[in-house]
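By convention here, the first residue in the shown sequence is residue 1. Every value quoted in this text rests on a predicted model; they were computed, and no experiment measured them.
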Amino acid sequence: MSEQINLKNEEQIKKMMRAGNVVAKCHTALKATNLVGMSALEVDMFVNDIIEANGGKSIIKDYDGFPGYNCISINDCVVHGIPDNTILKEGDIVGIDISVILDGYVADSCWSYPVGEINDKDKYLLDHTEKALFKGLSCIKAGEKIGTLGYTIEKYAKRHGLGVVKELAGHGVGTELHEDPMVPNYGKKNRGTVMEAGLTIAVEPMLNFGTPKIFIEDDDWSIMTLDGENSAHFEHTIVVTESGYEIITIERTEQEIENFKF
C-alpha cells in the first residue's frame, strides 16, 4: 500500500504549534514536580488537568480503547504503560507520553523522567536516549530521506551500547495521531521516503539497556523489555523545512506562533 502523506501549510502548522504548546506546558510542569510517591494514575490526572486548562484534549484517551489520558511507562516498560495505582518510587524512571488535539490538529511528545535520585546507569540511559533524538533531528531537512534519520539514531545508540527497539517507530502527525510515513529508529542512508518541506513527523527513539527485544503484557498495551532492563523514550513532533526543521512541541507565545513563517 502506498503512503498517503499530507504535507501541511503554514496555517496548519500554526494549529499544530498551539497543540504543541499545550504538550510542552505539561512537560514543563512535570520537570518541576517531585514525582516520588505519586501514583501513575495521579500523574495521568495531573497532566490531563493541564491539557484541559489550556483548551486541549487528550487524543490518547480511548484511542483503540486505551484507558488513560496519557501513557505512563515505568522502568522496563518501553511504551504504552497504562496509568494505574503503581506508586513511583525514588530511583525509578518514567516515560510520560502526551498527545494533545486542539482545533483539529495533534501534537505528540514523550519525555523520560528520573523519579528522585537515580543511579548512574539510568542517568546514562536517559542522557544518551535524549541525545539520540537530537542527533537524529540534526540530519533533517527537505530532500533528506527517512532512512538517513533512522540510520543516524541507530548509529548513535549502538555507539553507546544501547538497543534500538525495531518493532516500534515514529510516525507522521497531523489531524490524526498516526499518519504516514513511518519513522523507524534504524535504517540505511539515502533510503526510504523523501522528507519534504511541510512534512510533520514525530521522531521518537526508544532505547533499552541490554536486548532490544520486547513483549506485550497481559493488559494488551504495556510493551516491556524482554530481559527486564530499563528503557527510555524521548520524542518531539517536528515540521521539516527547506533548511532543516522546527520543533512543534515546545512552548511559544501566541505572538511567536502568529509570526511563524514556513
Side-chain angles (χ1 to χ4, degrees), residues 4-33 44 46-61 63 69-71 95-113 130 133-144 146 149 170-181 183 193 195-205 233-262:
Q4 299 292 321
I5 294 175
N6 298 311
L7 301 179
K8 311 304 188 298
N9 62 33
E10 198 170 272
E11 289 309 309
Q12 291 170 316
I13 293 166
K14 288 178 181 180
K15 288 183 177 183
M16 291 183 68
M17 284 180 167
R18 292 186 181 97
N21 190 40
V22 177
V23 172
K25 284 179 184 293
C26 295
H27 283 301
T28 296
L30 285 165
K31 288 170 187 173
T33 300
D44 189 42
F46 172 78
V47 172
N48 192 58
D49 285 347
I50 298 170
I51 293 172
E52 294 188 351
N54 286 278
K57 183 179 179 181
S58 164
I59 199 170
I60 293 176
K61 177 69 172 173
Y63 188 90
Y69 292 100
N70 308 277
C71 298
I96 303 174
D97 197 350
I98 303 168
S99 303
V100 168
I101 186 165
L102 179 64
D103 197 19
Y105 284 83
V106 178
D108 181 20
S109 173
C110 182
W111 224 249
S112 291
Y113 293 94
E130 182 178 357
L133 167 62
F134 286 97
K135 195 73 174 176
L137 295 180
S138 70
C139 74
I140 292 176
K141 62 180 178 180
E144 191 57 87
I146 291 284
L149 169 58
H171 49 89
V173 187
T175 55
E176 303 288 340
L177 176 57
H178 295 113
E179 298 183 352
D180 287 336
V183 185
T193 303
M195 292 184 278
E196 299 179 64
L199 177 67
T200 50
I201 55 175
V203 181
E204 49 179 321
H233 179 196
F234 286 84
E235 172 188 27
H236 269 311
T237 299
I238 65 99
V239 57
V240 179
T241 65
E242 290 293 346
S243 59
Y245 67 94
E246 189 79 28
I247 297 176
I248 286 172
T249 41
I250 59 172
E251 287 193 67
R252 291 180 171 86
T253 65
E254 182 57 31
Q255 193 61 52
E256 286 171 332
I257 293 171
E258 277 300 316
N259 291 342
F260 174 74
K261 297 297 181 185
F262 171 51

TODO: For Glu10, check salt bridge (charged side-chain N to carboxylate O under 4.0 Å, His left out) against everything at least two apart and list the hits.
DONE: Lys14
Task: Non-neighbouring partners of Asn48 that pass side-chain contact (heavy atoms from CB on, under 4.5 Å), sequence neighbours left out - done: Ile51, Glu52, Ser58, Tyr69
- [ ] Just jot down the side-chain hydrogen bond (donor to acceptor under 3.5 Å, both in side chains) partners of Asn259, sequence neighbours excluded, or say none.
- [x] Gln255
Task: Listed partners of Asp49 passing salt bridge (charged side-chain N to carboxylate O under 4.0 Å, His left out), at least two apart - done: none
Task: Sequence-distant partners of Phe262, ring pair (Phe, Tyr, Trp, His ring centres under 6.0 Å), two or more places apart - done: none
Task: Heavy-atom pair of closest approach, residues Ser109 and Val23 - done: CB-CG1, 3.6 Å
Task: From Ile247 atom CD1 to Ile238 atom CD1, the distance as rounded to the nearest 0.5 Å - done: 8.5 Å
TODO: Taking the side chain as every heavy atom from C-beta outward, state whether Met195 and Ile146 have any pair of such atoms under 4.5 Å apart.
DONE: yes
Open item on the list: Using the side-chain contact (heavy atoms from CB on, under 4.5 Å) criterion, which residues pair with Thr33? Sequence neighbours excluded.
Closed with: Leu35, Met38, Phe46
Task: From CD1 (Ile50) to CG (Leu30), nearest 0.5 Å - done: 6.0 Å
TODO: Identify, with sequence neighbours excluded, every residue that meets side-chain hydrogen bond (donor to acceptor under 3.5 Å, both in side chains) alongside Thr237.
DONE: none
Task: Donor-acceptor side-chain pairing of His27 and Glu251 below 3.5 angstrom - done: no
Open item on the list: On a heavy-atom basis, which atom in Phe234 and which in Ser112 lie closest, and how many Å separate them?
Closed with: CZ-O, 3.5 Å
Open item on the list: With rounding to the nearest 0.5 angstrom, report the CD1 to CD1 distance, Ile60 to Ile101.
Closed with: 12.0 Å
Task: Backbone N/O of Gln4 and side chain of Asp180: donor-acceptor pair under 3.5 Å - done: yes
Task: Results of side-chain hydrogen bond (donor to acceptor under 3.5 Å, both in side chains) for Glu176 - residues two or more places apart only - done: none
Task: Closest contact, heavy atoms only, Ala197 versus Ala142 - done: N-CB, 3.8 Å
Open item on the list: Rounded at 0.5 Å granularity, tell me how far OG1 in Thr193 sits from CD1 in Ile201.
Closed with: 9.5 Å
Task: Set of residues satisfying side-chain hydrogen bond (donor to acceptor under 3.5 Å, both in side chains) with respect to Glu11, sequence neighbours excluded - done: none
TODO: Please step through side chain to side chain contact (heavy atoms under 4.5 Å, CB included) for the pair Val203 and Ile140, ending with a clear verdict.
DONE: CA-CA 11 Å; Val203 181; Ile140 292 176; 4.2 Å; yes
- [ ] Could you tell me whether the side chain of Val173 reaches within less than 4.5 Å of the side chain of Ile248, counting heavy atoms only?
- [x] no
Task: side chain to side chain donor-acceptor pair (under 3.5 Å) contacts touching residues 238-248 (sequence neighbours left out) - done: Glu246-Arg252
Task: By side-chain contact (heavy atoms from CB on, under 4.5 Å) - contacts of Asn6 (at least two apart) - done: Lys8, Glu179
Task: Aromatic plane relationship, Trp111 with His236 - under 30° parallel, 30 to 60° tilted, over 60° perpendicular - done: tilted
Open item on the list: Among Thr175, Val100, Ile13, which residue satisfies the side-chain contact (heavy atoms from CB on, under 4.5 Å) criterion with Tyr105?
Closed with: Thr175
- [ ] Could you pull out all residues at least two apart from Asp97 that satisfy side-chain contact (heavy atoms from CB on, under 4.5 Å)?
- [x] Cys71, Ser99, Asp108, Cys110, His233, Glu235
TODO: Please round to the nearest 0.5 Å and tell me the distance separating atom NZ of Lys15 and atom CE of Met17.
DONE: 14.5 Å
TODO: Side-chain contact test, heavy atoms from C-beta onward, threshold under 4.5 Å: evaluate it for Asn21 versus Leu102 and give yes or no.
DONE: no
Open item on the list: For Lys135, is the NZ atom crowded, meaning more than 12 foreign heavy atoms sit under 6.0 Å from it?
Closed with: no
Open item on the list: To the nearest 0.5 Å, what is the distance between NE2 on His171 and OG1 on Thr200?
Closed with: 10.5 Å
